[in-house]
Asker: 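Take a look at the following structure, please.
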2 protein chains.
Amino acid sequence: MTASMKDVAALAAVSIGTVSNVLNNPQMVSPKTRDRVEQAIAQLGFIPNAPARQLRAGRSKVIGLVVPDIANPFFTEVARGVEDAAMEAGFVVILCNSDEQAAREDRYLRVLESQRVGAILITPARKGIKPLQRLIANGTAVALLDHEGGTRDACSVSVDDALGGQLAASHLIGLGHRSIAWLAGPPDIPQVADRQAGILRATEEHSVLLERIVAGQMTASAGDAAVDAALARGMTPSAMVCANDLLAIGAMRALMRAGMRIPQDVSIVGYDDIDFAASAAVPLTSVRQPKYELGFAAAQLVISEFEDRRAHAHQRVRFQPQIVVRESTGSVA
Amino acid sequence: MTASMKDVAALAAVSIGTVSNVLNNPQMVSPKTRDRVEQAIAQLGFIPNAPARQLRAGRSKVIGLVVPDIANPFFTEVARGVEDAAMEAGFVVILCNSDEQAAREDRYLRVLESQRVGAILITPARKGIKPLQRLIANGTAVALLDHEGGTRDACSVSVDDALGGQLAASHLIGLGHRSIAWLAGPPDIPQVADRQAGILRATEEHSVLLERIVAGQMTASAGDAAVDAALARGMTPSAMVCANDLLAIGAMRALMRAGMRIPQDVSIVGYDDIDFAASAAVPLTSVRQPKYELGFAAAQLVISEFEDRRAHAHQRVRFQPQIVVRESTGSVA
DNA sequence: ACGAGGTTTTGAGACGTTTCATTACTGGCC
DNA sequence: GGCCAGTAATGAAACGTCTCAAAACCTCGT
């Protein structure tokens, strides 16, 4: 059905080895035969059989991308970066959603091992990377995504969440706010903890009254409810930092319902700068993470490790977030 | 490095063929040897070499998913559905963003052909499916995603956009609205055209004044600008249907800026029911598409074609959208 | 004890590449 | 004309799996 190198060789009256050379080492075949072979390839519409190649090579130009949930806008953007870098280098991306479940993650790692993928990019569901050690030992290039490297056996790429928290708080302090509420999410999420640390760092040098509110989930309705409750018990900050944009949206709803104007009465800073932040009723000031770049860089890292394992040194790349100021924040009244 | 069937065979003192049978036809191996082999497998941590399998089989349990942009929430959800169905059947998904560019699409199709993937799910960048014919002829199971089948050579899975438009308009008509604005997007987008057709269908049986506004893009700011302009030239509908939720969000902003209340002065219906619709300043009534189900069904279709090509009959599956009523629509004053 | 008939197991070949040691050419030089 | 040193092209082996015809092993019944 599909043409193979054998067919090409026959048509060009040449040996299979020569066809292989035309494909992989063109410079070592004479221009005359090269032409002949290339013509045969075109005529037959020959396309190399990747699995055969992979079998021979022992591993493939495939990147396994394991994320908690591609539907999370953060990872969606990361995936785009990964894919673009991969395509550039002739790699292909296998998408794996772990749903934060160790079982699913394990299952996927098994599949990826079976596929003998050349590289894996993963945001691990659990702390350690034990299940990865075996892959690494077998020569798979691995990098940790949005996760600080707890190991010296792999690269890691992350965003400085503490800095992000600091930026958010400093922005408000610079505007004169001295009574700030921190709308946190579940404290067992490392990103939330880091952002909080950054906020503390920024506030400790100024006499700021910092109040902490905890939402049960990172959703708009959880934010709405948490702020509602806080208002009911008399909280009256002049500004608020939220652990992510969805919480911020919920917070805005609750505040507006209570008759407060944004930013005149309360300033709000979100986190993530999701697409929607700019389109909200009051465009949201937010901390943006270089998501695409994160994915792109991570992919480049594992690709370079794949290309030349000996010349590769594992590294920890840490990106810097950036605050995007919009209309939801203003000077204190 | 990695154990192969040969190693397993040696350890279990059995032939390679027997190991293969334990893996693929366990029932034709005596329990005793089967045990022995399984133990050897466990002991060596043997994981089958997928590329070798694929080489032998001629094609692989891989689904190539080609979409315009995974960052588009619609396709993100579709992808989740595809992935879940794939995983269930032991398939793996290769992610390909075409960016609506024919060149990128072609390139990916070439790569997928090279990988000898067993199935392809695609939202084609251009009208025809010429570049796919070759794949289909070679026995790849192909299905068109969110695209009506213009061919009898492949399955297709889509959502009835005309029905969606009709649902939106009927909802408003049912609330008593007789002066409705249709905020369209670029008319060369088929989905926009279909939704419009549905709106026309719904309105023609009632004496409704339908005004059409065209936004240059499907974004919040384009919607804001278009509605701004329409208001300036004196448009005063009591309700509005928008080609998607982002346009609706933009429209709401423009209307509120002009001092109108939603839904008291103007009712708004969006389309897509993106996550954010429920969290907007005024929660948005919107038309929801079964995105996850779309992807899941499409994947199942190609998987079944892969499993048994002869028993497979190509089909066109068409899903029905659903209107989700929230606070942005109300009875006419 | 033998053979028929059934159940297990074996072994070789093929899938499409790449690699690498050989062999076959080429032109230049004495 | 014969030889040398390159340069080009060849052919066989190997990667890990599956398949299928053939061989080996049982279990009965006679």
Side-chain angles (χ1 to χ4, degrees), chain A residues 1-38 40-41 44-62 90 111 113-118 138-139 307, chain B residues 1-38 40-41 44-62 90 110-111 113-118 138-139:
Chain A
M1 186 98 253
T2 312
S4 74
M5 284 180 37
K6 188 155 63 167
D7 305 317
V8 174
L11 180 56
V14 110
S15 81
I16 295 187
T18 301
V19 177
S20 174
N21 280 333
V22 170
L23 261 31
N24 307 299
N25 307 84
Q27 83 292 348
M28 66 157 53
V29 49
S30 78
K32 217 180 57 181
T33 35
R34 200 193 311 152
D35 272 7
R36 207 146 31 93
V37 172
E38 276 166 352
I41 288 179
L44 293 174
F46 165 75
I47 292 194
N49 183 311
R53 238 177 216 199
Q54 293 161 4
L55 167 58
R56 186 84 219 315
R59 59 195 191 147
S60 56
K61 293 180 94 172
V62 173
V111 172
E113 180 169 359
S114 173
Q115 294 287 339
R116 305 295 196 260
V117 300
N138 282 343
E307 305 285 8
Chain B
M1 185 99 253
T2 312
S4 75
M5 283 179 39
K6 188 155 64 166
D7 306 319
V8 174
L11 181 56
V14 113
S15 82
I16 294 187
T18 299
V19 176
S20 174
N21 280 333
V22 170
L23 260 32
N24 307 298
N25 307 83
Q27 83 291 349
M28 64 157 54
V29 171
S30 77
K32 217 179 61 183
T33 34
R34 200 192 311 151
D35 271 8
R36 205 143 35 92
V37 172
E38 277 166 351
I41 289 179
L44 293 173
F46 164 76
I47 292 195
N49 183 312
R53 251 182 203 192
Q54 293 161 5
L55 167 59
R56 187 81 217 321
R59 59 195 192 148
S60 55
K61 292 181 95 171
V62 173
R110 206 181 241 32
V111 172
E113 181 170 359
S114 173
Q115 293 287 340
R116 304 295 194 262
V117 299
N138 283 344

Asker: Calculate, to the nearest 0.5 Å, the distance between atoms CD and CG belonging to A:Gln54 and A:Asn49 respectively.
Answerer: 8.5 Å
Asker: Once you round it to whole Å, what is the distance between P of D:dG11 and NZ of A:Lys6?
Answerer: 14 Å
Asker: Rounded at 0.5 Å granularity, tell me how far OG in B:Ser4 sits from CG in B:Leu44.
Answerer: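 Interatomic distance, B:Ser4 OG to B:Leu44 CG, rounded to 0.5 Å: 9.0 Å.
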Asker: Between B:Ser30 and B:Arg116, which is nearer to the 5' end of DNA chain C once each is assigned its nearest nucleotide?
Answerer: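 It is B:Ser30, whose closest nucleotide lies nearer the 5' terminus.
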Asker: Just how far, in rounded Å, is C1' of D:dA14 from CG of A:Leu55?
Answerer: 9 Å
Asker: Please report, rounded to the nearest Å, how far the P atom of D:dG16 is from the CG atom of B:Leu44.
Answerer: 14 Å
Asker: Over how many whole Å does the gap from B:Leu23 atom CG to D:dT17 atom P extend?
Answerer: 8 Å
Asker: May I ask you to say what A:Met5 touches in the nucleic acid, namely base, sugar-phosphate or nothing, with a heavy-atom cut-off under 4.0 Å?
Answerer: base
Asker: Name the residue from A:Val14, A:Leu11, A:Asp7, A:Val29 that meets the side chain to side chain contact (heavy atoms under 4.5 Å, CB included) definition with A:Val19.
Answerer: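 Of A:Val14, A:Leu11, A:Asp7, A:Val29, side chain to side chain contact (heavy atoms under 4.5 Å, CB included) with A:Val19 is met by A:Val14 alone.
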Asker: When we call it a touch if two heavy atoms are under 4.0 Å apart, what does B:Ser20 touch: a base, just sugar-phosphate, or nothing?
Answerer: base
Asker: Whole-Å distance between D:dA9 C1' and A:Gln27 CD?
Answerer: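 A:Gln27 atom CD is separated from D:dA9 atom C1' by 14 Å.
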Asker: Considering only heavy atoms of chain A and a distance under 4.0 Å, specify the first and last nucleotide of DNA chain C in 5' to 3' order that meet this criterion.
Answerer: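 Footprint of chain A along DNA chain C, 5' to 3': C:dG16 to C:dT19.
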Asker: The side chain of A:Thr33 lies closest to which of these nucleotides: D:dA9, D:dG16, D:dT17?
Answerer: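 Out of D:dA9, D:dG16, D:dT17, the nucleotide with an atom closest to A:Thr33's side chain is D:dA9.
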Asker: Which atoms form the tightest heavy-atom contact between A:Ser114 and B:Pro51, and what is the distance?
Answerer: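 Where A:Ser114 meets B:Pro51 most closely, the heavy atoms are O-CD, 3.6 Å.
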Asker: May I have the distance from B:Asn49 (atom CG) to D:dA14 (atom P), rounded to whole angstrom?
Answerer: 18 Å
Asker: Atom CG of B:Asp7 to atom C1' of D:dG16: distance rounded to whole Å?
Answerer: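 That distance rounds to 10 Å.
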Asker: Please list all pairs meeting side chain to side chain donor-acceptor pair (under 3.5 Å) that have one or both residues in residues 25-36 of chain B, counting only residues at least two apart or in different chains.
Answerer: B:Ser30-B:Thr33
Asker: For A:Val14, report the nucleic acid contact type (base, sugar-phosphate, nothing); a contact means any heavy atom under 4.0 Å.
Answerer: sugar-phosphate
Asker: Give the rounded distance in Å between these two atoms: CZ of A:Arg53 and P of D:dG16.
Answerer: 18 Å
Asker: How large an angle, rounded to 10°, do the end axes of the helix from C:dA1-D:dT30 to C:dC30-D:dG1 enclose when each is built from five base pairs?
Answerer: 70°
Asker: When the nearest nucleotide of DNA chain C is assigned to B:Val29 and to B:Arg56 on a heavy-atom basis, which residue is associated with the more 5' position?
Answerer: B:Val29
